Amino acid sequence: MLLIPTSSSSSSSSSSSSLLPQSFFNSNSYSSNHHSLFLPNLRYPILHGSRKLKNLRLRANFWESIRSGFVKDNNTTQLVEPPSTIEEDTEPLVPVEFTLVERTLQDGLIEEIIFSSGGEIDVYDLQGLCDKVGWPRRPLSKLAAALKNSYMVATLHSVMKSDSDSSEGDNGQKKKLIGMARATSDHAFNATIWDVLVDPEYQGQGLGKALVEKLVRALLQRDIANISLFADSQVVDFYQNLGFEADPEGIKGMFWYPK
Amino acid sequence: MLLGGTISTPPASLRTAEGLNLDQLNSVFVAVGFPRRDTAKIEVALEHTDALLWVEYEKTQRPVAFARATGDGVFNAIIWDVVVDPSFQSCGLGKAVMERLIEDLQAKGICNIALYSEPRVLGFYRPLGFVSDPDGIRGMVFIRKQRNKK
């Protein structure tokens, strides 16, 4: 019944969660008739103007070095592995939303991978993504509540548009959720990262690293000094590469009667 | 002894635990070896805490034990800041606070209850039902100013 951050380089599932009856959970109305776009109350101060930055292409400095690494003629784009240094003092503030990767696909479509910490996420999309990586199903209402109660929800979306679509508007764009990570926090001292996942079709490209890196930086920039997580044994290296240390000073993660 | 506390459901209305003097709480933190933290920040932390419990010594009306849990309110909770004033240790206060806190979290439907334990108090948490590194899961913390050479 452990919910553990999952690796971005494998589609192994987490342990199953034991689901208590719905009566335990007091949920407000949750519509099941249509996709509910979930917009959480922003709990953290917005450091960069408006949330509507979709049309504003901001690229953090160290991703500029990545763009030269992609080849336009291929279907796939490999992200050149960036050095995983997170220097919160010297790096610019993490914008709420920005484009991580842009590439041209074989059929002339342009794909953009967009990072956002604004937490705009469709719970149905999330459930679909959890299915894709093989996680056990959790009730939608609980998923929605967990997102709402998270301090920060970071997402990766893939947006497809045709070559001829020179405007950067939303019309006719296909937007797909391909990654998510979230953090709970007391807004002052501690944050814990949960549920890191990347669509298997998009794994192996450094997107999981980007997701966690940006999330960590955004948390640091909001003055959260202690950022922690629990890692499956097979992903300990992944997080170590991102600056996390297991059992620092012998401090051990413990779980109450894990199943 | 008076066992008091609040279970607050996020998003929280801005309030601290009723009757809990944060300066006195801070003194208990310091007495057990925590660095002294800004009381205003402690207030913010408590406002965004899922559940907390504290024990008040009736004679002095001061807090002598405390624990709190943060989380997403449905799946996961992490317990932080478990403290018992050194003068009141070893008489079951810490155990009582933990047991009650876990009960409260369970009552909210939270199944995944975790914490980070210093090595010297692993023996305190184990009898309460906590297991370290189950299935090889490791607790990890982000270390700032790390230069990654890989």
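Chain A is the first sequence line, chain B the second, and so forth, proteins listed ahead of strands; every chain is numbered from 1. Quick caveat, the model's predicted, so the values are computed rather than measured. FYI, side chains are in, hydrogens and waters are out, and symmetry mates aren't considered; it's all heavy atoms of this structure.
- With a 4.5 Å cut-off on non-hydrogen atoms, A:Ala225 touches chain B through its backbone and its side chain both.
- Interatomic distance, CZ of A:Phe255 versus CD1 of B:Ile113, reported as 11.0 Å (0.5 Å rounding).
- The neighbour count for B:Gln89 CD, taken as heavy atoms of other residues, nucleotides or ligands under 6.0 Å away, is above 12.
- At a 4.5 Å heavy-atom cutoff, the contact between A:Asp247 and chain B is made by backbone and side-chain atoms alike.
- Each of B:Val121, B:Thr70, B:Ile102 has some count of heavy-atom pairs under 4.5 Å with chain A, and the biggest count is that of B:Ile102.
- With rounding to the nearest 0.5 angstrom, the CD1 atom of B:Ile137 is 12.0 Å from the NZ atom of A:Lys252.
- B:Lys41 is linked by a salt bridge (charged side-chain N to carboxylate O under 4.0 Å, His left out) to nothing, counting only residues two or more places apart in sequence or in another chain.
- Taking each heavy atom of B:Pro119 and A:Gly250 in turn, the nearest pair found is CD-O, 3.6 Å.
- For a residue to count as touching a neighbouring chain, one of its non-hydrogen atoms must lie under 4.5 Å from one of that chain's; by this rule B:Leu122 touches chain A with backbone and side chain alike.
- Put simply, CG on B:Asn76 and CG on A:Asn149 are 11.0 Å apart, with the number rounded to the nearest 0.5 Å.
- A:Thr184 touches chain B through its side chain: at least one heavy atom from C-beta onward sits under 4.5 Å away, while N, CA, C and O do not.
- Within residues 26-38 of chain B, the residues having any heavy atom under 4.5 Å from a heavy atom of chain A are, by residue number, B:Arg37.
- Contact check for A:Leu220 versus B:Phe142: side-chain heavy atoms found under the 4.5 Å cut-off.
- Side-chain contact between A:Ile227 and B:Val141 is absent, with no heavy atoms from C-beta onward closer than 4.5 Å.
- Summarising the geometry, atom CG belonging to B:Leu115 is positioned 11.0 Å from atom CD1 belonging to A:Ile251; distances are rounded to the nearest 0.5 Å.
- Contact check for B:Val74 versus A:Arg138: no side-chain heavy atoms found under the 4.5 Å cut-off.
- Counting heavy atoms from C-beta on, the side chains of A:Phe230 and B:Asn112 never come closer than 4.5 Å.
- Between B:Tyr125 and A:Met254, the shortest heavy-atom contact is CB-SD, 3.7 Å.
- Rounding to the nearest 0.5 Å gives a distance of 14.5 Å between CZ of B:Arg138 and OH of A:Tyr239.
- B:Asp81 contributes atom CG, which lies 8.0 Å from atom CG of A:Asp186 (distance to the nearest 0.5 angstrom).
- In this structure the side chain of A:Asn190 never reaches within 4.5 angstrom of the side chain of B:Tyr116, judged on heavy atoms.
- Residues passing the salt bridge (charged side-chain N to carboxylate O under 4.0 Å, His left out) test with B:Glu118 are B:Arg120, sequence neighbours excluded.
- B:Gln106 has its side chain within reach of A:Trp256: a pair of non-hydrogen atoms, C-beta onward, lies under 4.5 Å apart.
- With a 4.5 Å cut-off on non-hydrogen atoms, A:Leu143 touches chain B through its backbone and its side chain both.
- Here B:Asp85 pairs with nothing under the salt bridge (charged side-chain N to carboxylate O under 4.0 Å, His left out) rule; sequence neighbours left out.
- Across all non-hydrogen atoms, the minimal contact from A:Ala231 to B:Met140 is CB-SD, 3.6 Å.
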